[in-house]
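Sequential numbering from 1 along the given sequence is applied to the chain's residues.
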Amino acid sequence: MTAQGTYDVVIVGGGAIGSAIAYWLTRDAAWRGRVAVVERDPTYARASSALSASSIRQQFSTPLNIHLSRFGIGFLRQARALLSVDGEPPVELGLREPGYLFLASAAGEAILRDNHAIQRREDCAVELLAPDALKQRFAWIDTEGIVLASHGVANEGWFDGPALMQAFRRKARALGAVYVHDEAVGLDVDSGRVTAVRLASGRALAAGQVVNAAGCWSARVAAMAGVALPVEARRRSVFVFDCREKVAPVPLVIDTSGAWFRPEGKFFIGGISPPEEQDPPDLPLEANHAEWDELVWPALAARVPAFGAVKVVSSWAGYYEYNTFDHNGIVGPHPELANLVLATGFSGHGIQQSPAVGRAVAEWLTEGRYVSLDLTPFGFDRIAANRPIIERNVV
């Protein structure tokens with residue numbers, strides 16, 4: 001099967017979201033269409049999916065985000081069976097579920113309590129801990145400045161995100177999806193529809209429907225059809241550090257400062273979302289060690305006395321596909337180009353939400369509606385209507 005010709009669905013972007021959509025489409029026994037996935041870099045050297053810290057949580061303030069990640073954790077537990085090819089499972093995804101621990105100062109207490117109420121209404125396994133209880137549970141922590149903590153006791157943790165992405169890709173290909181090593185450089189539009197995806201090689205893929213799952217480059221793809229998309233590439237640095245003193249047990253901790261850390265094998269990893277004035281788009285994809293020196297390490301050393309003497313052993317940087325409008329995914333058909341479907345802007349949550357988003361977008365493509373989980377609130381319409389969805393637990 002060649003890369004040229006007509007496809008029922010052309011997906012631009014073969015990362016976790018794009019490959020999850022291809023997987024859900026091709027696994028549908030009733031689907032008889034042809035699917036092409038255009039990916040310019042099959043090594044995924046710069047892909048957000050390959051460079052993510054790959055964590056999953058229920059502790060959001062928006063019920064829809066909770067539902068997306070709830071499906072995700074269930075999928076991850078079954079992924080080796082669901083994504084096996086000819087009886088051969090993918091590599092181990094390394095799912096660990098020690099939970100998330102959000103720490104709040106007096107200034108953040110009310111929001112933490114409000115979020116907790118929403119999470120409990122959604123039946124999340126979350127507990128609130130006062131400083132004394134927090135210290136009893138995690139003896140390594142310094143509770144100075146903490147008035148309350150929220151701990152996810154189940155269904156939260158981390159996993160091997162690149163392995164999940166590759167497993168989606170491998171399974172989708174086995175089920176018939178065609179992966180095209182090329183770059184989308186143009187979208188042909190006629191009578192309110194995208195008719196073809198033009199490639200850097202000079203070829204063109206005629207398309208019944210086009211999915212923009214190009215991650216932090218999705219705004220560039222959308223612009224090819226005259227669509228303005230508020231998605232930027234925002235760099236996030238991750239630092240791997242060694243601590244000689246034993247610190248355990250450790251969930252994924254979000255400090256009052258915004259700095260975060262969690263175990264990673266025999267080491268720890270950590271980072272922070274820098275202040276807005278230090279966070280322009282499209283920075284070089286290399287770790288900013290000034291963030292460690294000035295923002296991350298001082299906060300972690302204050303919170304965990306054992307971290308006063310640690311050594312950075314490695315680092316990397318990846319891009320958030322950052323939705324500058326409201327930090328939530330933009331999912332579903334464009335209101336004026338009905339066969340252009342968006343799946344982008346997840347602002348750091350894409351890898352954990354990829355199983356559910358992939359399923360939902362595949363349902364839209366095949367049924368013309370959402371069947372399992374209604375993602376209509378995340379549609380593009382809210383941007384034009386200036387109707388942001390406020391998610392108060394963005395890390």
Side-chain angles (χ1 to χ4, degrees), residues 13 15-21 23-24 44 47-80 82-83 90 92-102 115 119 122 124-126 150 152 154-169 213 215-216 234 236 238 251-254 260 262-264 269 271 273 318-323 327-331 343-361 372-373 375 378 389 391-395:
I17 295 291
S19 291
I21 295 167
Y23 159 71
W24 285 104
Y44 295 95
S48 298
S49 302
L51 299 170
S52 166
S54 305
S55 304
I56 186 165
R57 59 183 164 107
Q58 309 282 295
Q59 292 186 71
F60 289 96
S61 68
T62 305
L64 188 48
N65 279 326
I66 294 172
H67 298 163
L68 286 167
S69 290
R70 176 172 292 159
F71 179 81
I73 193 75
F75 186 91
L76 289 172
R77 292 175 184 141
Q78 305 176 65
R80 281 174 61 81
L82 292 170
L83 300 178
E92 178 60 53
L93 298 186
L95 178 63
R96 303 287 183 269
E97 300 184 49
Y100 267 63
L101 181 67
F102 283 86
N115 292 348
Q119 293 153 14
E122 297 297 331
C124 296
V126 184
S150 176
N155 306 318
E156 296 187 326
W158 51 88
F159 59 98
D160 188 335
L164 175 66
M165 176 191 66
Q166 292 290 353
F168 274 135
R169 183 179 189 272
C216 58
R234 296 289 184 92
R236 293 293 179 265
V238 180
L252 193 155
V253 180
I254 296 91
W260 63 270
R262 69 163 172 84
E264 178 69 18
I269 64 174
S273 293
Y319 286 134
Y320 273 11
E321 51 183 271
Y322 193 80
N323 174 3
H327 312 145
N328 287 295
I330 305 169
V331 184
T344 184
F346 299 98
S347 303
H349 308 139
I351 193 74
Q352 65 181 289
Q353 295 181 342
S354 60
V357 170
R359 179 185 62 167
V361 173
S372 304
L373 181 60
L375 299 194
F378 280 172
I389 296 173
E391 172 56 61
R392 295 184 294 183
N393 260 13
V394 175
V395 177

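Although no hydrogens or angles enter the test, the distance criterion places a donor-acceptor pair under 3.5 Å between the side chain of Ser54 and the main chain of Ser52. Between the side chain of Ser49 and the main chain of Ala47, no donor-acceptor pair closer than 3.5 Å is present. For the pair Asn65 (side chain) and Phe60 (backbone), a donor-acceptor distance under 3.5 Å is absent. Remark: side-chain polar atoms of Glu321 are paired, donor with acceptor, to backbone N or O of Gly345 under 3.5 angstrom. Using a distance-only test at 3.5 Å, with no hydrogens or angles considered, a donor-acceptor pair links the side chain of Ser19 to the main chain of Gly15.
The nearest pair of heavy atoms linking Tyr100 to Gly157 is CE1-O, 3.9 Å. The two residues Pro251 and Trp158 make their nearest non-hydrogen contact at C-CZ3, 4.0 Å. When all heavy atoms are compared, the tightest approach of Ser61 to Asn393 is OG-N, 4.2 Å. Here the shortest heavy-atom pairing between Met165 and Ala16 reads CG-N, 3.7 Å. The two atoms that bring Phe159 and Leu164 nearest to each other are CE1-CD2, 3.9 Å, heavy atoms only. The two residues Pro355 and Trp24 come nearest to each other via the heavy atoms O-NE1, 3.0 Å.
Residues Val394 and Asn328 form no side-chain contact, since every pair of their non-hydrogen atoms from C-beta on lies 4.5 Å or further apart. You'll find the side chain of Ile269 reaches within 4.5 Å of the side chain of Trp260, heavy atoms only. Side-chain contact between Ile17 and Thr344 is absent, with no heavy atoms from C-beta onward closer than 4.5 Å. Contact of the Leu82 side chain with the Tyr23 side chain is registered, since non-hydrogen atoms from C-beta on lie closer than 4.5 Å. Side-chain contact check for Gln166 versus Arg169: some heavy-atom pair is nearer than 4.5 Å.
Checking Arg96, Gln59, Gln58 one by one against Glu156, the side-chain hydrogen bond (donor to acceptor under 3.5 Å, both in side chains) holds for a single residue, Gln59. A side-chain hydrogen bond (donor to acceptor under 3.5 Å, both in side chains) with His349 is found for one member of His327, Arg57, Glu391 and no other, namely Arg57.
Rounded to the nearest 0.5 angstrom, Arg359 CZ and Leu375 CG are separated by 8.5 Å. Atoms CD and OG, from Gln352 and Ser55 in turn, are 7.5 Å apart once rounded to the nearest 0.5 Å. The CD1 atom of Ile73 sits 11.5 Å away from atom CD of Gln78, with the distance rounded to the nearest 0.5 Å. Here the NE2-OG1 distance, from His67 to Thr62, works out to 10.5 Å after rounding to the nearest 0.5 Å. Remark: Leu68 CG to Gln353 CD distance equals 4.5 Å, nearest 0.5 Å. The structure places CZ of Phe75 at 9.0 Å from CG of Leu93, a figure rounded to the nearest 0.5 Å.
In this structure, Arg234 forms no cation-pi arrangement with Tyr319, as its terminal cationic atom is not both closer than 6.0 Å to the ring centre and no more than 45° off the ring axis. Because its NZ or CZ atom is both nearer than 6.0 Å to the ring centre of Tyr320 and within 45° of the ring axis, Arg236 counts as a cation-pi partner of that residue.
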Item to complete: Would you please test Asp160 and Glu92 for side-chain contact (heavy atoms from CB on, under 4.5 Å) and show each step?
Response: CA-CA 8 Å; Asp160 188 335; Glu92 178 60 53; over 6 Å; no

Item to complete: Please test Ile66 against Cys124 for side-chain contact (heavy atoms from CB on, under 4.5 Å), starting from the C-alpha separation and ending with a verdict.
Response: CA-CA 8 Å; Ile66 294 172; Cys124 296; 3.6 Å; yes

Worksheet item: Could you walk me through whether Asn323 and Ile330 pass the side-chain contact (heavy atoms from CB on, under 4.5 Å) check?
Response: CA-CA 8 Å; Asn323 174 3; Ile330 305 169; 3.7 Å; yes

Item to complete: Go through the steps to decide whether Leu76 and Ile56 satisfy the test side-chain contact (heavy atoms from CB on, under 4.5 Å), and finish with yes or no.
Response: CA-CA 10 Å; Leu76 289 172; Ile56 186 165; 4.0 Å; yes

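Side chains of Arg70 and Asn155: a donor-acceptor N/O pair is absent below 3.5 angstrom, by distance only.
Between Phe346 and Phe378, the distance separating the two ring centers is not shorter than 6.0 angstrom.
Among residues two or more places apart in sequence or in another chain, the side-chain hydrogen bond (donor to acceptor under 3.5 Å, both in side chains) test is passed with Ser354 by none.
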